[in-house]
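Have a look at the structure below, then the notes.
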Amino acid sequence: MAGNEEICRASGEVLIENYGRLPYAMVRGEGAKIWDADGKEYIDFFPGFGACGVAGHCHPKIVEAVKAQADRLLSHGNLFTSEPQVKLAEAITRKAFGGKVFYCHSGAEANEAAIKLVRLAAGPGKYKIISFNNCFHGRTMGGLSLTPESFQKGFEPMLPGNVKVDYGDIEAVRKAVDAETAGIFVEPIQAEGGMNFPTVEFMQALRALCDEKNILLVCDEVWTAPARTGKWFAYQHFGIEPDVMTLAKAVGGGLPVGVCVASEKYANVLGPGTHGCTMGGNPLCAAAGVATMELIEAEGLCVRAEANGVGILARLAAEDIPCIADVRGVGMMVGLVLDKATSAKDVMMKCLDRGLIVCVAKNNVLRLVPPLTIENDLLARGMDILVEVLKNPDA
Ligand SMILES: *Cc1c(COP(=O)(O)O)cnc(C)c1O
């Protein structure tokens with residue numbers, strides 16, 4: 001079998017270099033472990049860039065569900081439906097705020113659906129969408145329009161009417177709302193933007209403002225759900241409900257599933273012919289989603305996420321690590337802000353070398369987002385590697 005070098009050299013010839021890939025090819029995964037093509041084992045605190053966030057790699061329950069579905073039916077087209085897509089929608093809406101769902105394959109597509117839904121719901125002349133500095137809503141032209149300018153270079157012009165204000169600044173939001181505003185997109189925790197946590201007051205004030213102005217509140221939970229923060233959905237920390245919620249990444253258990261959930265009030269806005277996605281909700285991916293939601297319930301992963309998050313924070317607090325400027329975390333969504341002298345990217349590479357996968361976010365932040373099912377000994381071993389690297393940043 002080919003090794004890292006051979007596969008990566010070949011990939012350079014045929015894969016567009018939009019990702020800045022690392023020189024490792026992955027061949028196998030099991031829970032919180034993954035192996036590269038040279039046989040090196042890694043503990044994965046960033047499984048599948050979030051896609052395997054619930055149960056890590058190849059959880060037997062998810063694999064079993066996918067295999068069984070693969071033997072029956074892969075796609076049926078959306079003139080029809082199937083049991084897996086119904087079951088997944090039931091699982092999501094029952095744990096969230098009722099309503100109905102639209103399926104696609106990615107976070108960006110889920111946000112595109114949400115943008116269209118918001119515009120249709122708001123009606124003619126209302127097209128402006130407010131989003132937040134340091135947010136991330138995806139790479140398609142709509143999602144990109146909502147995302148900060150640093151991602152937009154060379155792709156302008158963006159959608160008209162996107163307005164950005166500071167995360168947490170309710171007065172700025174209030175000032176930004178006018179007669180043409182259709183809605184507000186917010187991540188209940190900003191992930192890519194540096195693991196930023198809003199206050200309860202801010203999120204509640206956003207909800208109240210949307211009610212007052214009769215505009216829609218969209219929570220982008222592509223990173224924060226399901227169960228990642230110790231609740232099924234992160235908005236549930238704030239005592240509010242959004243009008244629309246978008247999901248992707250972990251909800252598919254490693255297969256591509258994007259979901260746009262509309263509350264009952266807005267559940268029929270996207271009527272026949274208004275939107276679509278050929279393979280959205282195909283039974284294979286939906287079956288993986290159903291198995292993922294069942295695992296969260298069966299294994300009590302919300303509770304486990306909360307407990308493990310507390311454990312990670314306690315471990316970090318017990319160590320004397322001078323290069324950590326701040327630690328922020330809810331459940332298994334933890335961000336370490338490093339001081340200016342220490343590069344988060346360097347730390348990430350050193351961890352990788354020692355067999356631990358972590359990732360960085362904006363503003364010199366390290367992200368720790370292990371699979372929710374991670375075994376205690378693997379979590380501890382991963383933390384040992386991280387602590388050792390952080391204590392010797394110049395080694
Ligand atoms: C990753 C992410 C997206 C984009 O998801 P894709 O599946 O890559 O299109 C959108 N919003 C948030 C909050 C994300 O973290």
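Worth knowing before you read on, the calculation uses all heavy atoms, side chains too, and leaves out hydrogens, waters and symmetry mates. Just so it is clear, the model here is predicted, and its values are computed rather than measured. Start at 1 and go down the list; that is how both ligands and their atoms are numbered.
Annotation: atom 2 (C) of ligand 1 to nearest protein heavy atom, Lys249 NZ, 2.6 Å. Looking only at protein heavy atoms, the nearest one to atom 11 (N) of ligand 1 is Asp220 OD2, 2.7 Å. At the top of the distance list for atom 4 (C) of ligand 1, counting protein heavy atoms only, stands Ala108 N, 3.7 Å.
Between Phe46 and Phe49, the two ring planes are perpendicular [angle over 60°; tilted spans 30° to 60°].
In Asn111, the part holding a heavy atom less than 4.0 Å from any atom of ligand 1 is the side chain.
Between the side chains of Thr246 and Asn111, at least one donor N or O sits under 3.5 Å from an acceptor N or O. A side-chain N or O of Asp36 and one of Tyr42 form a donor-acceptor pair less than 3.5 Å apart.
Between Val257 and Gly252, the shortest heavy-atom contact is CG2-CA, 3.6 Å.
Considering both main-chain and side-chain atoms, Phe136 comes within under 3.5 Å of ligand 1 through a nitrogen or oxygen pair.
Annotation for ligand 1: atoms under 4.0 Å from non-hydrogen atoms of Glu187 are 13 (C). Remark: ligand 1 atoms within the under-4.0 Å shell around heavy atoms of Trp223 are 15 (O). Near Ser106, meaning under 4.0 Å from one of its heavy atoms, ligand 1 places the atoms 7 (O), 9 (O).
Remark: among candidates Ala361, Gly252, Gly107, the nearest residue to atom 7 (O) of ligand 1 is Gly107, based on non-hydrogen atoms.
Arg174 has a carboxylate O that lies under 4.0 Å from a charged side-chain N of Glu212, or vice versa, which qualifies the two as a salt bridge.
Aromatic pair Phe233/Phe97: centroids not less than 6.0 angstrom apart.
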